[in-house]
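As structure tokens, the structure follows; a few thoughts come after it.
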Amino acid sequence: MTEQHSIFDDSRPVTGDDEHRLILDIEGFEGPLDVLLSLARTQKVDLKQISILELVQQFLEFVAEAKVQKLEKAADYLVMAAWLAYLKSRLLLPEETAEDELSAEEMAARLTYQLQRLSAIRDVSAMLMSRNQLKRDVFARGKPESVIVTKNATFDLSLYDILRAYADHKTRKSIADIRIHKRDVYTLDQALDHLRNLIGTAIDWTDLFQFMPDNVGGAAMSRSAKASLFTASLEMARQGKAEIVQKQTFGPLFIRKTDRSD
Amino acid sequence: MEIIEQIRIIEALLFASDKPLSSIALADCLPEGAKITELLSDLQEQYQGRGVNLVEVAGKWMFQTAPDLAFLLRKEVEEEKRLSRAAVETLAIIAYHQPVTRAEVEEVRGVSLSKGILDVLMEARWVRPMGRRRTPGRPMTYGTSDHFLVHFGLNSVKDLPGLAELKAAGFLENVNTSRLNLLDDQKPTEEQPELPGSEDEKTDDQGPSAE
Amino acid sequence: MEIIEQIRIIEALLFASDKPLSSIALADCLPEGAKITELLSDLQEQYQGRGVNLVEVAGKWMFQTAPDLAFLLRKEVEEEKRLSRAAVETLAIIAYHQPVTRAEVEEVRGVSLSKGILDVLMEARWVRPMGRRRTPGRPMTYGTSDHFLVHFGLNSVKDLPGLAELKAAGFLENVNTSRLNLLDDQKPTEEQPELPGSEDEKTDDQGPSAE
């Protein structure tokens, strides 16, 4: 979870020393409505009577001063700021409402309604959480004796378990679906076979790369073939089946068979 | 069978269980025609004021320790996991507004619901899907479970604290009627293919009701 | 503290404890000088003849169902079984992909379905045959039952959250969604199973019959 604030967490800087100029941090809030609610409370009046204009001003200042770490987090606040700025202009200018538009007063009333509703929900949240909770305040029989009176509950399985199982299955499947494609390479074995076959046909020292296989494919394959051919030549020299000579640095590599029969 | 014997039986059954039992299940263990409701309220009265009380939760019955003794018992259990503020608020909105969609929860809180919150609430078995709303996009609705009622000692969601006040103040009206349109409701990601294999058009909204 | 209050405390402690408690352990929760032995015998007397008795076992105290009512506890001693992980996953796949054949379940899970899993799910009355598929071999398809819906508090299988919703709820956090084809997921269901005579009319819809 990203939202860490406990209902019991009272550390939020709502009650600043200078109540009209709170310096607040977005991190401590649950979104723009939360900020508005906190600001509204500084007006020390009933929510129904808050000055929307003052609230708008406070919010715009808050957004201007807020330290924003993540842009996506700021988006909600910026949208609200824009809406409030619009509301403010509507409230200040003489009313000329288009038919399909809300009047400024209605807009303000709706904002007030939302704040009141959130505040009310918070109140009932607190009431709910302060109820006697099972396993916190009240306790069931600690050592139940095994009676199953309900006949259907043979298995202790919840819908959550099913969703979890399906999600886990999907998670695993999405991992299992990753396939690493085999890279096309000209293998060392191929190069060895190729070189063994051809080296017998050469009479004398031959540039190793004369033995490059034909039609190996694209540039990548060709590079792979070159590398494998070189490794193959080293391998054959190690086995005493071939000799390799290079006259100068980066010069051509010459190879010949060791036990030439002629 | 005498009344006192019948009371002994339901006492034994309820005492032995750590989960609430329905009166129907209890009646199964009693002779035909037993007045289960009366027996239960007799038993409840007998335990009034004792260290253990008989309570009705989620429409079922269970014994639990008296709430005023919580101070004594609490130290015996591990510190309970604390829900985040966001989770508590989300739970409350789901409980009071159910059935409610994710978008509506976001609308009430004025902020998008961060991932994992619903997961936590569903893992605690407090929240459950309640069917799809018959609106465009057919969004999933959520509500509370019996387990939620048992945990918070409620007989039904109608007993939620402050419910009447919220309703009277008009805060439980259709969330969208009061829209500020601050949050974009159209979330294409929430749309999803319906599960094929079920073509029936069925009702979704079932109002707050303990199943 | 009054005697009656001390007895309440002992009663609650013994009720909530998951093991028998010694009088010393109980005395720890009482004020200094409480007469624990007298209190216990008072409490024991209060429960004499009730459906539950206070008994002393190996020097410790516990509540226990009255011996003459023990038959109640054995009436349906059906232990709560746990489903294996494979069974839960199979159930989930059947629920999401129904109607689905055994082979399809195996294909989706990537392992063969061990014997007994389907039996267990059918025994639990969560899974039922849904008629044969009109494909070579005419394999049997499976789906979930009404009982499944009732047990899990669903109105219809459409109430199961889709992948997008699971993700939104935080269930799929570690999944790279681009690899999860959210739409192309329920292939097997597109085919309709053959209706074998009049036998199984209901191939798909669970209907809102869950109560």
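Using a 4.5 Å cut-off between heavy atoms, A:Asp123 makes no contact with chain B at all. Only the backbone of B:Phe63 has a heavy atom closer than 4.5 Å to any heavy atom of chain A. Residue A:Leu128 touches chain B through both its backbone and its side chain, counting heavy-atom pairs closer than 4.5 Å. Residue A:Leu163 touches chain B through its side chain alone, counting heavy-atom pairs closer than 4.5 Å. Within the 4.5 angstrom heavy-atom criterion, atoms from both the backbone and the side chain of B:Val150 approach chain A. Residue contact with chain A, scored on non-hydrogen atoms closer than 4.5 Å, involves the backbone and the side chain of B:Met122 alike. Heavy atoms of B:Leu160 lying under 4.5 Å from chain A belong exclusively to its side chain.
Heavy atoms only, all atoms of each residue included: A:Ser125 and B:Val88 are closest at CB-CG1, 3.8 Å. Heavy-atom minimum distance, A:Met127 versus B:Gly162: CE-N, 3.7 Å. B:Glu107 and A:Leu33 get closest at one heavy-atom pair: O-CD1, 4.3 Å. Nearest heavy atoms, A:Val138 versus B:Ala66: CG1-C, 4.4 Å. When all heavy atoms of B:Leu166 and A:Ala120 are compared, the closest pair comes out as CD2-CB, 3.3 Å.
Of the inter-residue distances, the one linking B:Glu89 atom CD with A:Arg122 atom CZ reads 4.0 Å to the nearest 0.5 angstrom. Atom OG of B:Ser114 is separated from atom CD of A:Glu30 by 8.0 Å, given to the nearest 0.5 angstrom.
Annotation: maximal heavy-atom pairing with chain B below 4.5 Å, among A:Leu159, A:Leu118, A:Leu37, occurs at A:Leu118. Ranked by heavy-atom pairs under 4.5 Å with chain A, the list B:Leu154, B:Leu172, B:Val52 is led by B:Leu154.
Counting only heavy atoms from C-beta outward, the side chains of A:Val124 and B:Pro161 never approach each other to under 4.5 Å. The shortest distance between side-chain heavy atoms of A:Leu134 and B:Phe152 does not fall below 4.5 Å. Put simply, the side chain of B:Gln64 does not reach to within 4.5 Å of the side chain of A:Asn132, judged on heavy atoms. The side-chain heavy atoms of A:Asp34 and B:Val111, taken from C-beta on, include no pair separated by under 4.5 Å.
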Worksheet item: Given A:Ile121 and B:His97, is the side-chain contact (heavy atoms from CB on, under 4.5 Å) satisfied, shown in steps?
Response: CA-CA 10 Å; A:Ile121 279 288; B:His97 283 268; 4.2 Å; yes
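Sorted by first and then second residue, the pairs that involve residues 6-15 of chain B and meet side chain to side chain donor-acceptor pair (under 3.5 Å), not counting sequence neighbours, are B:Glu5-B:Arg8, B:Arg8-C:Asp68, B:Glu11-B:Tyr47, B:Glu11-C:Arg50.
Counted within 6.0 Å of CG on A:Leu53, heavy atoms from surrounding residues, nucleotides or ligands total more than 12; the atom is thus considered enclosed.
Taking a cutoff of 4.0 Å between a charged side-chain nitrogen and a carboxylate oxygen, A:Lys135 and B:Asp18 do not qualify as a salt bridge.
The main-chain N or O of B:Gly153 is found under 3.5 Å from a side-chain atom of A:Arg131 such that the two form a donor-acceptor pair. Within the 3.5 Å criterion, the main-chain N or O of B:Phe15 finds a donor-acceptor partner in the side chain of A:Arg141. A:Tyr113 places a side-chain N or O within 3.5 Å of a backbone atom of B:Gly170 that can act as its donor or acceptor partner.
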